[in-house]
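Order of the sequence lines sets the chain letters (A, B, ...), proteins ahead of strands, with each chain counted from 1. Small disclaimer: the values here were computed from a predicted structure and weren't measured.
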Amino acid sequence: MPKISITLPDGSVKKYDQPVTGEALAADIGPGLAKAALAVRINGELKDLYLPIESDAEVAIITAKDEASLELIRHDCAHVMAQAVQELFPGTQVTIGPVIEDGFFYDFARPEPFTEDNLAVIEKRMHEIVDRDLAIRRQVWERKKAIKHFKKIGEAYKAEIIGDLPGDEEISIYSQGEWLDLCLGPHLTSTGKVGHAFKLLKVAGAYWRGDSRNQMLTRIYGTCWHQEKDLQAYIERIAEAAKRDHRKLGQQMDLFHFQEEAPGAIFWHHKGWALILQLVEYMRARNQKAGYEEISTPEILDRALWVTSGHVEKFGEDMFYTSTPDGREYVIKPMNCPGGLQVYNKGIKSYRDLPLRVAEFGKVHRFEPSGALHGLMRLRAFTQDDAHIYCTEAQLQDECITVTRLILDIYKDFGFEEVTIKFSDRPPQRIGADEVWDRSEAALLKAIEATGSDFSHSPGEGAFYGPKLEFVLRDAIGRDWQCGTLQVDLNLPERFDATFVGPDGERHRPVMLHRALFGSLERFAGILIEHYAGHLPLWLAPVQTVVATITSDADVYARQVHGKLVAAGLRSESDLRNEKINYKVREHSLAKVPALLVVGRNEAENSTVSIRRLGAKEQQILPLDEAVAALQAEARMPGCPAKGA
RNA sequence: GCCGGCAUAGCUCAGUUGGAAGAGCACCUGAUUUGUAAUCAGGGGGUCGCGGGUUCGACUCCUGCUGCCGGCACCA
């Protein structure tokens, strides 16, 4: 009587008298599969191919076609790299080497860190180890023996990891040839299965266990694919992202610059500023439609106010300070809310005033760690499209839903269709009663539900003063950017003693919400530049049209065309230089001007323009007035009624 | 902040073992009046990031600082 029955993915069942390995099972199904087999999935869990299956199970043979197999070869590739490193650089300790998106890394402890120059040598040795086709085998060791072994060979970090594993966990050690590593597995059956489609990408420092108080290790990043063409495609993908880099495009398009005297702050040139102004105009219109008022509060406020708000205590090390000759100490605001609360507190608020929605395009300064600065994406001086909503607890739910809908709707206008929401709830250290946290968290969750959005839960990641939602959008090449945020604040209304008079004639504490949609205008501009690869849609483009002449005979007409475009509200420039049209086309194309209006003798005589759109090879000849009207219509801000309409 | 790398003309980058700072583009001048991604010729332009040191001599070697780049940590 067969003892073990194996159910395959197609529903068929194979029966065996004794335990069977994944290898044997694959061979039993077919020689092609035996050759392609990389691992097995037993009851949903990935396992090594050579381990016996002891009891009835649902089993699938994993081959290169399975998504999971990429993780396997990347993990093995990390091990091959670790082996190569230890062969080449004796005395280097291994720590951890996980699979990450598109690749893997391994962290090493070594007095002398690796540099990029070492990568080629390590890569070469890795290819040799793959060619050795070493069998990879799993062993289970007794805990004490494992710790003793790793200590003996000088692997203090590995010994520490084993010591910290839960008591009931098996200590599995994988060997490939002479080389051993502690690892949960599973792995391929031999180093040969890794193949040669891998590449080491960069070296970096990384703290042991991700804690900046610990020793810094040296990390090597790599990527690994089944086939060379996949590797090449990945390398091209990285190159494509580099081409979109907003710092590079920002220079090419003459949008902004940075310089040493203002680390983390930006000099906007007029074209870049035009983009920012357009974002502000858009958000103002949306705010106005959504029932917001707008205020503006001082950028420099007495330090005492920041003591009251709690910022000095909590973020004192991360703020800009300034003092005046009269000896007063000020803080350059890192947030708009304390200033906003001063406006709220001026005069007495009634429950009839709520919900009160107050927007502020506030420029804030934060003394970010120098290593965190990154173009427009992480600045020390940036502008928030901030707003604070003061409401009653009863209104909290509706306000959360309305804000969430507004955010999602606005992202669509910028071509971001895929948005996920991150929900962060109460951290261990917090202020406020648990019942209030219960209600606040429930309100945010309900808002997610009401919009039917995808969301992820980050337990304990909320701010100390309240839970929050963070809105993450996916750009044209699949990268995620966290932009918008909606936070409940249980702290500041208390600290500044904000109140409203209720129907009962008593003073009550309002609930305060913080919300930003773009987050930072500068950062959002950077994201847009990368999302569109500089090809901003007409309504956002800094220079929307350029009128370029073919000969100087058309100069007078070109001025007339340009004048009409400007009168129609378009950001237009004219190019009457004594240059060939090829030269002009090339130059304005590189500057990412969306619409080039070429005029020569023909156009001047017929009152037409030849429109060449960015990226197109063909032109379109249109009567001047028709062309202006069409461009004007296209340049209209989405989501808002036309001005004066 | 931490680890590593980088810093030469407005931009992109060359610059050998330490021995007189270069190219292309851009800019200026002139010629050319041109039909959809670079017309030709000439010219001007440098504290080689900043400061110290070694040396007869430093863009080059050593060192401190600043900024930037790639990560890590941080991100109210």
Pairwise C1' distance for rG53(B) and rG57(B), with rounding to whole Å: 15 Å
Pairing check on rG67(B): which nucleotide meets the Watson-Crick or G-U wobble criteria with it, both distances under 3.5 Å? rC6(B)
rU47(B): pairing nucleotide in any strand, Watson-Crick or G-U under 3.5 angstrom: none
Check this for me, if you would: do Glu71(A) and Arg74(A) make a salt bridge, where the nitrogen-to-carboxylate-oxygen distance has to be below 4.0 angstrom? no
For nucleotides rG64(B) and rG45(B), find the distance between their C1' atoms and express it as a whole number of Å. 32 Å
Which residue, Leu614(A) or Tyr207(A), contacts RNA chain B at a nucleotide closer to its 5' end, judged by nearest heavy atom? Tyr207(A)
Give a yes/no answer on whether the side chain of Asn582(A) brings an N or O atom under 4.0 Å of OP1 or OP2 in rA37(B). yes
Separation of the C1' atoms in rG67(B) and rG49(B), to the nearest angstrom: 8 Å
For a quick test of reading the model: is some side-chain N or O of Gln251(A) closer than 4.0 Å to OP1 or OP2 of rU12(B)? yes
Could you tell me whether His311(A) contacts a base, only the sugar-phosphate backbone, or nothing, with contacts defined as non-hydrogen atoms closer than 4.0 Å? base
Can you tell me the distance, in whole Å, between the NE2 atom of His374(A) and the P atom of rC68(B)? 12 Å
So Phe114(A) and Phe89(A), would you call those rings parallel, tilted or perpendicular, with 30° and 60° as cut-offs? perpendicular
Ring-plane angle category for His374(A) and His246(A), please: parallel below 30°, perpendicular beyond 60°, tilted otherwise. tilted
Please find out if less than 6.0 Å separates the ring center of Tyr106(A) from that of Phe108(A). yes
Check nucleotides 43-47 of chain B against the protein and report each pair of N or O atoms closer than 3.5 Å, with its distance, or say if there are none.
none

With a non-hydrogen cut-off below 4.0 angstrom, is Asp211(A) in contact with a base, only sugar-phosphate, or nothing? nothing
Looking at Arg378(A) and rC75(B), is any side-chain donor or acceptor paired with a base atom of the opposite kind under 3.5 Å? yes
Sub-3.5 Å donor-acceptor pair from the side chain of Lys333(A) to the main-chain atoms of His365(A), do we have one? no
Quantified in whole Å, what is the P atom distance between nucleotide rC11(B) and nucleotide rC69(B)? 15 Å
Which whole-number value in Å describes the distance from Phe367(A) CZ to rC74(B) P? 18 Å
Testing the basics here: between Ala242(A) and Lys248(A), what is the closest heavy-atom pair and its distance to 0.1 Å? O-CD, 4.0 Å
Distance, C1' atom - from rG1(B) to rG18(B), rounded to whole angstrom: 37 Å
Per atom distances to the Arg586(A) side chain, the nearest of rU33(B), rU36(B), rA37(B) is rA37(B)
Heavy atoms under 4.0 Å, any strand shown: does Ala463(A) hit a base, just sugar-phosphate, or nothing? nothing
Of Arg247(A) and Glu579(A), the one whose nearest nucleotide on RNA chain B sits closer to the 5' end is Glu579(A)
Rounded to the nearest 0.5 Å, how far apart are CG of Leu249(A) and CD of Glu530(A)? 7.5 Å
Give one of base, sugar-phosphate or nothing for Asp318(A), where a contact means two heavy atoms less than 4.0 Å apart. base
Is Glu603(A) side chain donor-acceptor paired with the rG35(B) base, going by distance under 3.5 Å alone? yes
Look at the side-chain N and O atoms of Lys202(A) and state whether any lies under 4.0 Å from the OP1 or OP2 oxygen of rG71(B). yes
State the pairing partner of rC59(B); accept Watson-Crick or G-U wobble contacts with both distances under 3.5 Å, and report none otherwise. none
At under 4.0 Å between heavy atoms, what does Tyr465(A) touch on the DNA or RNA strands: base, sugar-phosphate, or nothing? sugar-phosphate
Taking only nitrogen or oxygen atoms into account, show me every contact under 3.5 Å that the protein makes with nucleotides 3-7 of chain B, one pair per line with its distance.
residue: rC3(B); atom: O2; partner: Gly205(A); partner atom: N; Å: 3.3

Between Trp481(A) (CH2) and rC75(B) (C1'), how many Å, whole number? 15 Å
Classify Thr551(A) by what it touches in the nucleic acid, base, sugar-phosphate, or nothing, heavy-atom distance under 4.0 Å. base
If pairing requires Watson-Crick or G-U wobble contacts with both distances under 3.5 Å, which nucleotide is the partner of rA31(B)? rU39(B)
With a cut-off of less than 4.0 Å, is there a side-chain N or O of Ser370(A) near OP1 or OP2 of rG1(B)? yes
What's the CZ-C1' distance between Phe267(A) and rG67(B), to the nearest Å? 13 Å
Would you give the length of the straight line joining atom CG of Leu341(A) to atom CZ of Phe496(A), rounded to the nearest 0.5 angstrom? 6.5 Å
Could you tell me how far rU63(B) sits from rU55(B) if I compare only their C1' atoms? Round to whole Å. 15 Å
Taking only the side-chain nitrogens and oxygens of Tyr221(A), find out if one of them lies under 4.0 Å from OP1 or OP2 of rC72(B). yes
With no angle test and no hydrogens, is the base of rA73(B) tied to the side chain of Arg209(A) by a donor-acceptor pair under 3.5 Å? no
First locate atom CZ of Phe471(A), then atom CZ of Arg515(A), and finally report the distance between them rounded to the nearest 0.5 Å. 10.5 Å
If pairing means Watson-Crick or G-U wobble with both distances under 3.5 Å, then the partner of rA23(B) is rU12(B)
Taking any strand in view, what nucleotide pairs with rG18(B) in a Watson-Crick or G-U wobble way, both distances under 3.5 Å? none
What distance, rounded to whole Å, do you find between the two P atoms, one in rA73(B) and one in rU17(B)? 40 Å
Counting only distance, no hydrogens or angles, is the base of rU36(B) paired donor-acceptor with the side chain of Ser610(A) under 3.5 Å? yes
Check the angle between the aromatic planes of His514(A) and His388(A) and answer parallel, tilted or perpendicular using the 30° and 60° thresholds. perpendicular
Just to be sure I understand the rule, does Arg612(A) reach a base, reach only the sugar-phosphate, or reach nothing, if contact means heavy atoms closer than 4.0 Å? base
Quick one: does NZ or CZ of Arg219(A) land under 6.0 Å from the six-membered ring centre of Phe105(A), within 45 degrees of the ring axis? yes
If you look at every strand shown and take non-hydrogen atoms under 4.0 Å, does Pro263(A) touch a base, only sugar-phosphate, or nothing? sugar-phosphate
For Ile550(A), report the nucleic acid contact type (base, sugar-phosphate, nothing); a contact means any heavy atom under 4.0 Å. base
Are Tyr583(A) and rA38(B) stacked, counting the six-membered base ring, centres under 5.5 Å, planes under 30°? no
In whole angstrom, give me the gap between the C1' atoms of rA7(B) and rC48(B). 10 Å
For Gly310(A), which contact category applies under a 4.0 Å heavy-atom criterion: base, sugar-phosphate, or nothing? nothing
Exactly one of Glu360(A), Lys363(A), Arg523(A), Glu522(A) should register a side chain to side chain donor-acceptor pair (under 3.5 Å) with Thr383(A). Which one does? Glu522(A)
Could you label the plane-to-plane angle of the Phe267(A) and His257(A) rings as parallel, tilted or perpendicular, counting under 30° as parallel and over 60° as perpendicular? parallel
